[in-house]
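Comments concern the structure below.
This one's a predicted model, so the numbers in the text were calculated from it and none came from an experiment. Atoms within a ligand are numbered from 1 in the order they appear, just like the ligands themselves.
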Amino acid sequence: MTQGSNPNEGPLAIDLSGVSKSYGRRVRALVGVDIHVRRGEIYGLLGPNGAGKSTLVKVMMTIVRPDSIQGTVLGRAVGDKGALATIGYLPEHHRFPPYLTGRQVVEFSGAMSLVPRRERKIRAGALLDRVGLGAWGRRPLSSYSKGMRQRAGLAAALVNEPQLVVLDEPTDGVDPVGRREFRDLIVALRDEGRTVMLNSHLLSEVETVCSRVAIMVQGRVVSQGTIDELTASSRRYEIVIEGTVPLWCGTSVAVQAMPPGSLLTAGISGAGTRLVFLGLDAAAAQPILDRLRTEGRTVVAVQTVRESLEDLFMRAVTDPTTGLIFKPGAAS
Ligand code: ADP
C-alpha cells in the first residue's frame, strides 16, 4: 500500500467491523461491512441505490439498530452519547417544517444537541453567514431553493461544532453552482481538522474531494482505499505518435521489447496513433520509445492513464457473468 493509504496509519474516526443489518427476513441491507475512516479526512461512500449506504449511516447514528456490530466511532462504542454529541448529521431528504426560518432550524438543531441557548443563537448567525444564508435567516424555508435548504441543513448539522460530519447525499437535486459551493464548504470543514463522511452518488464530486472511498454493492463493501490504489491495476501507459501503427506492434519483436502481453491496443485517434500498454512503467517504456525514434517516428505524447472513478464504479456494480447492474438488496 502507498503512504497514507493504510487506515491503521492514523487515529480512526470510524472503525467498524462486521456491521450487519437485515430488514425482516428478506432484505439483507448490510452484510458484514468493515469501514475505517481516518480522522481529518473526507471519506466517500459510494454505491448504487439500495446498496446499504444510508442504513450504514443510520446504524452509526443509532437510528437503526444493527444485528451485529463491532468497533468504535470517535473512539467510543456506537451509541455513546458523548460521541454522538460531537457528530453532525445531514440526513438524506431531510424535511424541516417549511414554516420554520433558517435561523429556527439551526437553533432547534442546537437545542437538540444541548448547545446552551445563548451560544446557539450566536452560532446560528455565524453558521448561516458561513453557508451563504446570512440574509435569509429570518425567512421561512418554504421560500428557499433546494440548494438553500441543503445549506440550511448543513448549518444545522454544524451547530454542535462536530468532530465528525456525516453528509448523506447533500447535493442531491442541487444545481451545479450550488454543488460547487457545497464542495468548497466540505473542503473547508476538512481543513479545520474535522472528519467528513460523504455519502454521494455524484462520482465527480467524490473524486474531487475525497481522499479515500468505499464502494458498496448489495450490502457489502467491495472496494475501499484511495482512488489511486483502487485504479492502480488499470494503469495504462499511452504513447502517441504521428503516422500509422508500426507494423511490429503486436508482433514477436514488440513482445521482446516489453513484458509479454503488455501491448493492449494500438489505433488511430484524433491526436495521432495511440499505443496503449498495460502495467508498463517509465523504465520499461524506454526501449519502445528508442525503437520508435530509431524509425524516425515523432512521439507526440507519453502519458500514464488510469481508470476514472466512474469506470471503477461501473465495474464494481456490474455483475461480470451477466453484464447487468446488481440489484438492490444482498444476495444470500
Ligand atoms: P442506499 O442508501 O445505498 O440507497 P439503503 O440503506 O437505503 O441503501 O437500503 C438498503 C436496502 O435496505 C434496500 O434494499 C432498501 O430497500 C432496504 N431498506 C432500507 N430501509 C428499509 C426499511 N426501513 N425497511 C425495509 N427495508 C429497508
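- Any N or O atom pair closer than 3.5 Å counts here, and T55 shares at least one such pair with ligand 1.
- For ligand 1, the atoms lying closer than 4.0 Å to a non-hydrogen atom of P48 are 3 (O).
- Applying the 4.0 Å criterion to heavy atoms of N49 picks out, from ligand 1, the atoms 4 (O).
- Here the shortest heavy-atom distance to atom 2 (O) of ligand 1, taken over S54, A51, A29, G219, belongs to S54.
- Between R306 and D228 there is a salt bridge, since at least one side-chain N of the basic residue sits less than 4.0 Å from a carboxylate O of the acidic one.
- One option in G50, S22, G47 has a heavy atom closer to atom 10 (C) of ligand 1 than any other, and that option is G50.
- Proximity to K53 (heavy-atom distance under 4.0 Å) selects the following atoms of ligand 1: 1 (P), 2 (O), 3 (O), 4 (O), 6 (O), 8 (O).
- F108 meets the ring-ring contact (aromatic ring centres under 6.0 Å, His included) test with no other residue; sequence neighbours excluded.
- Using a 4.0 Å cut-off between a side-chain N of Lys or Arg and a carboxylate O of Asp or Glu, E41 and R190 do not qualify as a salt bridge.
- Within 6.0 Å of the CD atom in E310, the count of heavy atoms belonging to other residues, nucleotides or ligands does not exceed 12.
- Between E192 and R130 there is a salt bridge, since at least one side-chain N of the basic residue sits less than 4.0 Å from a carboxylate O of the acidic one.
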